[in-house]
Each structure stands twice: as structure tokens, then as C-alpha cells.
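Notes follow the structure.
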Amino acid sequence: MIRKLLVANRGEIARRVFATCRALGVATVAVHSDADADAPYVAEADEAVRLPGNTPVETYLRIGSILDAARRTGADAVHPGYGFLAEHAGFAAAVTDAGLTWVGPPAGAIAAMGDKLAAKELLAGAGVPMLPTWTDGDEITDFPVLVKASAGGGGRGMRIVRDPADLAAAVDSARREAAAAFRDDTVFIERYVERGRHVEVQIFGDTHGTVLALGERDCSIQRRHQKIVEEAPAVLPDGVRERLHAAAVAAGRAVDYVGAGTVEFLLAPGGEFFFLEMNTRLQVEHPVTEAVTGLDLVRLQLLVAEGGALPVATTPPADGHAIEVRLCAEDPAQGFRPATGMLHRFAVPGVVGGFAPTRGLRLDSGVCTGSTVGVHYDSMLAKLVAWAPTRAEAARALAGALARAELHGVATNRDLLVRVLRSAEFGSAQVDTGFLDAHAEVFAPLLPTDQLPVAALAAALACAAARRDDAPVLAGLPSGWRNVPAFPQVVRYADRTGDEIEVRYRLDRSGGLADWSTDPPMPPTDPPASPVTLVTAAADRVLLDVAGVRRVFRVHRAGSVVFVDGPDGAAELTELPRFPLPRVALAVGSLLAPLPGTVTRVHVGVGQRVAAGDLLLTLEAMKLEHPVLAPTDGVVADLPVPTGGQVETGAVLAVVNPEEAPR
């Protein structure tokens, strides 16, 4: 039996595996980079070994360092989590060659499925339906197509191409991203199915010859080919579920599969489905399967790795419905680019458990209040999962918990997730992989623009109350009261987009709100809005009467940044100094780094004429490529960062002198 388990991964999945190990009495070992030294998963392990450095290549992907950590701690088994090494046949072989128990499928099965092209050929022979596939772009006669990384996963190295003229550039970009993510730049091309659904089957095999389907999941709602909402069971046409399960089991048997795996399919609108890939590991979205089956999939992994037989002989029926969302550090104001920074507060209400099968609301998170989100790793912060007897109840509970969560300090995709869950189309299961492209309305922030002034007023009143609490002299005077009533209190804020709002308010002798206004002013209403009155104001809570309705605003301050969580949504406001210092002037046409990263390729030269939208350089951050485009027609005047150069947020990447319009 396994006595001590090393998890060769980080963050949320390490915490997930450790939770089951604690329940089973298995000792745990964590490995960590320098950046992760204070991460929650490291603190939860019984032992931890430092991997010097920060980037994945120099830390979590160094097989020799992982095996050395196992040797030094006396670990007798290795669980790869669900990172790159989880699908690395060489790593699986190295673990077993070292005399350790490998918690995963055999190296042969990993190798067979790791090459997506070879896997398609093998499984086609087993009767699994396939999409038309090409390796030579000149052979393609029908667009759109999808460029995919042969060694890939997680949406990296994938590009949709609708115009044949764009194919070469898409292949080049996919190769670069695949090489950076998987150290293999091989790509292939598939026919792209419009309005297809991404449906996957959870399979499990043991060493006694059993391969079972444990249900399916719908993972159709994706952004940049990465899943953000997953649910089980999938809402499927009659007869499709049985055929999906049979095809997935056939795929597993074709490679003598052992352990947890996922067979992914593309479901066309008419009910026809096609094999996409087989992931030879535990998936990020496994909690929804656990919720509807009641099975602990990590426990099953350990049981099978020890040589035991699966405790179930048939596919278990789904009990209720579960929906999972991936909460990611992404900035909606910057096109959902990965975001970095400190989490000043991370709190989700109503959670009843985490890292194990749970009825109700489950939170699996790699971070906590005080965590720093850096640039080296994936942007996912947490998975929030809701189980309920029905799909509608699960969606409502999940959306409500997300909307009330206090997520302070790092921009997230929370508002997008809430709007998706509350959309009529999601409610009626009208989803496909193009859902977000077809529903631009879900990208709107939860807090309506016309409600920002009231949130800013709440911020100003709370901060004034906090200053009153910190200055106990003249305690009889109400906060914000002035002896000369003609002059109001004035506070200026900037929101996440950089837009400024100025709040002016006066309090009377009783501490009530005498009057207030903002610049820009509140939009007019018809009929005119009732005045806002102050009920109570404390440093962390402001109660306002708005048009006869009492509204609670929770306020949290971290330095100069004020976070306001109200009934309509959340606002992040940075208090601006009354007397700002002069700023360093930037050259006209300067393009700044939106986040820390590495310049992986410079596509133009100084003095070159470019057109608006031309690709100037490529910035890589948090495992994704971010193109930097010319904002206008002009001439490249400066390229201060060479290929391979690392930059911080706000660094000048390029300067484009705009072309003067002809007179």
C-alpha cells in the first residue's frame, strides 16, 4: 500500500490530492518553486522540498529534481496532478524505473494518446468516429478549420481559421505557443464544426481488465479554447449518452487503460459526435463528476495504483446536477488578459466543503487571502462547484455565491461567469463552443455604469468613518462634518479602466447626508431619482437609502484602493491624491506592457512603416501569447526590449510615430 505520496504539481490540484491522502492516512510531500514557498498547498503538506527557481521549466518540469525530492523524503509513490508531467510518458517510466508507484496510466497508454495524430489513427481502427484531419495546409479545400497542437491540451496552440489566407500565420503562432507550453511544436489541422458542443466522458480502468465510463460532462462554454464552465451530466439527445460512453470505453480498451482518463468528443448539432483527444490524467473539471456520482476519483486513483479493483462494476446513474466554474485572474478591462497582484481578500459565502465530493457548494482553490498571483503559472485561482437536485437550482446557487463573493486585489472573470450562468440560453441548455462569441452581452460588468456614483459615495463615507475611528480626538463630531458648510468634502477615485470620478458630499450636524454630487454627474432619470440618504456609515459597511430602498455596501480598503461590494455588483476604486506628483512624460505612440512577461518575438524593425493592427511583437505571460499590435498607421521609432527580454507591467515595448494625415 502507498505510505507516502509526492504530488509533482502545485496549487489547487496538490491541495485536492492532499485532502484525500489525509482522509486515507497517507503522508504527503509537496514540491515548490521559490515563488510558491508560502502557497497554501505547501503549508498543508507533511513535508515540502524546494525546487530552486520560478519558471515551470526550471522547477516543476525537472524530472530529476522531482525524483530526487521523492528519494530525500522517502516517498514511495508519485501523483502527477494534471499538469504537463501528468501526460509525459517519460516521467511515468522514470517514476516506475525508480521503484516508485506511479499514480496514473501506464507509460505506453500515455505515449499512445500523447501524439494526437497517432491517437486518432489508432482509435479510428477501434471504431471511434473521427473528424477529417490534415497535416498539409495545401490539402484543405473546406474552411473553417482548427489548428491544434499534437502534444497539446488546455486550449494552448489552438487557432480557428476561417480564411485560407490566414492559415500560415495561424500555424506559425500555434507552433510557437505549443513549443513554449509543451516543448513540441508539432501541429495538425481538423475540420471545425460550427455550433459544436464539447462533451467528454470520464473513464476509469484497473489492472484487472475493467474499463468503465463514470458519466459525461459538458464543457462547451470556452474562451480562447479553454473551458470556463463545466457541468454533469450533459443535456443530451436520446440515445447519444449510451453511444458516447461506448466509444469512450472502446478508446480506453484500445490502449489497455488503467487509472483516470477523459475521452473528449465534439458533438455536432444533429447528434453526431467525433473524437477530439484523450487526456490521460485527472481533469480540472473532475469535481462535477464526483458530485453526481458520490465517488472520490483521487481515492480511486490511489486504489487502482495499489493494484486494487474498481469498487463499481457499472456506470453509476447521475444523482442531481453539478456545475463548475473556473475563477481566473483575468482583467476584463484588458480583454481578459491574465492579471497579477495580491489577493487582499478572497471569500466566497455558503461554501460547505472543498477538495472532496460535497453536496452543496464546493470550493477548490489554490489561493487564499494574502496570496500573490504571479506571472509564472496558470491564471486559474479556484474552481467553484454547485450541486443541487436540478440543473436550474445548481446554476442559481452558483451564480448567487459568485456574485456575493469578495474578490479583492486581482481582477477576475467573476462577472462574466455570473452573467453566463444567469443567461436565458444557458438556462435552457442552448450552449456550444461559440457561446461567448454569440452573446456579447455576458461580457458586461455586473455593476451598471449608472450605479458607480453610489458605490463611490459609499467608498467615500466608509473611508471617512475609518479616518474618524483612527483619530479619537473630538470624538463628538460626526465624520465628515465641517464647521463651514459651504465647502463639501471632495474625494477623487479612478476605477479599473482608469476613468476618474469625483465625489462631493456634506454632512449635517447630526451626521446625516446633507447633499452630494459626482463628476461626471449621475445620469438623469425619468421621473427624477429620489435623494440618497445615509442610514449608517462604518469603516467596513455603509447603509444607504436609495430611492426608498435600503442598500448595504460592504467596504474594504487596502492602501489607497477601496473595494465596494454592493447588491448590484462590485467596484474597485483607487483614491487619487489631492496634489498628484508630476508624471514622467512618455513618447507619443508608446505601447506599454499590460502585464509582466517575456518578449518572445519581435516582428518589425526600427524605421519600418506599419499599418494599424500590424503585429509588432509577441509577449508571453502566464503560459499564453499576447500579440502587441500597432494602434495606428505610422513608423516604428523604438523597440527597447529585445527578443527574450523580460518586462514589468507598464514597460515601454515599442514606440510608433503616428502618420500625419495629409493636409
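Computation of the quantities below employed the complete heavy-atom set of this structure, encompassing side-chain atoms and omitting hydrogens, waters and symmetry-equivalent molecules.
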* Count the heavy atoms belonging to other residues, nucleotides or ligands that lie under 6.0 Å from CZ of R396, then report whether that count exceeds 12. => no
* Compare all side-chain heavy atoms of P233 with those of H321 and state whether any distance is below 4.5 angstrom. => yes
* Asked: Are R414 and E330 close enough, and set up right, to give a salt bridge (charged side-chain N to carboxylate O under 4.0 Å, His left out), and what steps lead you there?
  -> CA-CA 9 Å; R414 180 258 304 274; E330 297 174 335; over 6 Å; no
* Give a yes or no on whether D38 atom CG has more than 12 heavy-atom contacts from other residues, nucleotides or ligands under 6.0 Å away. => no
* Interatomic spacing from OG1 in T412 to CG in L407 - rounded to 0.5 Å -> 5.0 Å
* Asked: Just checking, any donor-acceptor pair under 3.5 angstrom between side chains of S33 and Y377?
  -> yes
* To do: Using distance alone, with no hydrogens and no angle criterion, decide if H198 and Q222 have a side-chain donor and acceptor under 3.5 Å apart.
  => yes
* Asked: What heavy-atom pair brings F346 and S365 nearest, and what distance separates the two atoms?
  -> CE2-OG, 3.6 Å
* Flag the pair F355 / F18 as yes when their ring centroid distance falls below 6.0 Å, and as no otherwise. => no
* Structure fact -> Between R326 and K227, the two heavy atoms sitting closest are CD-O, 3.2 Å
* Which pair of heavy atoms, one from A411 and one from D331, lies closest together, and at what distance? -> CB-CA, 3.6 Å
* Would you say V418 and L398 make side-chain contact, with heavy atoms under 4.5 Å? -> no
* To do: May I ask you to decide if E324's main-chain N or O and K383's side chain share a donor-acceptor pair within less than 3.5 Å?
  => no
* Nearest heavy-atom neighbours spanning S423 and F435 -> OG-CZ, 3.6 Å
* Could you check D638 against V652 for side-chain contact (heavy atoms from CB on, under 4.5 Å), going step by step and ending with a plain yes or no? => CA-CA 9 Å; D638 192 14; V652 176; 5.7 Å; no
* Heavy-atom side-chain proximity of V454 to F553 below 4.5 angstrom -> yes
* Minimum heavy-atom separation for L417 to V325, with atom names? -> CD1-CB, 3.9 Å
* To do: Using atom types as modelled and distance alone, determine if a side-chain donor or acceptor of S371 lies under 3.5 Å from a backbone N or O of T369.
  => no
* Output yes when a side-chain donor or acceptor of H286 lies under 3.5 Å from a complementary backbone atom of Q283, and no otherwise. => yes
* Asked: When you look at R419 and E441, which way does the salt bridge (charged side-chain N to carboxylate O under 4.0 Å, His left out) test go after all the steps?
  -> CA-CA 8 Å; R419 288 203 178 274; E441 68 277 4; over 6 Å; no
* Asked: Is the side chain of N54 donor-acceptor paired with the backbone N or O of A35 at a distance under 3.5 Å, no angle test?
  -> yes
* Is there side-chain contact between T518 and L457, with heavy atoms separated by less than 4.5 Å? -> no
* **Minimum side-chain heavy-atom gap L534-L544 below 4.5 Å** => yes
* Structure fact -> The side chain to side chain contact (heavy atoms under 4.5 Å, CB included) partners of A429 (sequence neighbours excluded) come to V235, R391
* Criterion side-chain contact (heavy atoms from CB on, under 4.5 Å) on L363 and V385, from CA distance to verdict -> CA-CA 6 Å; L363 178 67; V385 188; over 6 Å; no
* **Residues R362, E290: salt bridge by 4.0 Å N-O rule** => yes
* To do: Quick one: list whatever passes side chain to side chain contact (heavy atoms under 4.5 Å, CB included) with D319, sequence neighbours left out.
  => R359, W387
* To do: Evaluate the criterion side-chain contact (heavy atoms from CB on, under 4.5 Å) for residue pair F426 and I221; output intermediate values, then yes/no.
  => CA-CA 9 Å; F426 183 84; I221 297 182; 3.6 Å; yes
* Determine whether the side chains of D296 and T20 contain a donor N or O and an acceptor N or O closer than 3.5 Å. => yes
* Asked: Counting only N and O atoms by type, is there a donor-acceptor contact under 3.5 Å from the side chain of D568 to the main-chain atoms of L447?
  -> no
* Once you round to the nearest 0.5 Å, how far does CG of L513 lie from CG of D545? -> 11.0 Å
* Distance in Å, S379 OG paired with N413 CG, rounded so as to fall on 0.5 Å steps -> 8.0 Å
* First locate atom CG of L507, then atom CG of L461, and finally report the distance between them rounded to the nearest 0.5 Å. => 6.5 Å
* side-chain contact (heavy atoms from CB on, under 4.5 Å) evaluation trace for V599 with T618 -> CA-CA 6 Å; V599 173; T618 304; over 6 Å; no
* To do: Tell me, please, whether F336 has R223 positioned over its six-membered ring: NZ or CZ under 6.0 Å from the ring centre and within 45 degrees of its axis?
  => yes
* **Pairwise side-chain contact, L384 with L327, heavy-atom cut-off 4.5 Å (strictly under)** => no
* To do: Measure the spacing between SG of C463 and CD of Q489 and express it to the nearest 0.5 Å.
  => 11.5 Å
* Asked: Looking only at side chains, do R217 and T289 share a donor and an acceptor under 3.5 Å apart?
  -> yes
* Quick one: does R496's side chain have a donor or acceptor within less than 3.5 Å of a partner on A571's backbone? -> no
* Asked: Are the side chains of L573 and V561 in touch, meaning some heavy atoms are under 4.5 Å apart?
  -> no
* Structure fact -> The side chain to side chain donor-acceptor pair (under 3.5 Å) partners of D36 (sequence neighbours excluded) come to R10, Y60
* Asked: Counting distance only, does the side-chain N/O of D432 pair as donor-acceptor with the main-chain N or O of R197 below 3.5 Å?
  -> no
* To do: Determine, for E575 against R492, whether the closest basic-nitrogen to carboxylate-oxygen distance falls under 4.0 angstrom.
  => no
* Asked: Closest heavy-atom contact between R541 and V552?
  -> NH2-CG2, 3.6 Å
* Output the distance between atom CG (N9) and atom NE2 (H32), rounded to the nearest 0.5 Å. => 14.5 Å
* Taking atom types as modelled, is there a side-chain donor on R195 or Q430 under 3.5 Å from an acceptor on the other? -> no
* Asked: Do D565 and H408 come within less than 4.5 Å of each other through their side chains, counting heavy atoms only?
  -> yes
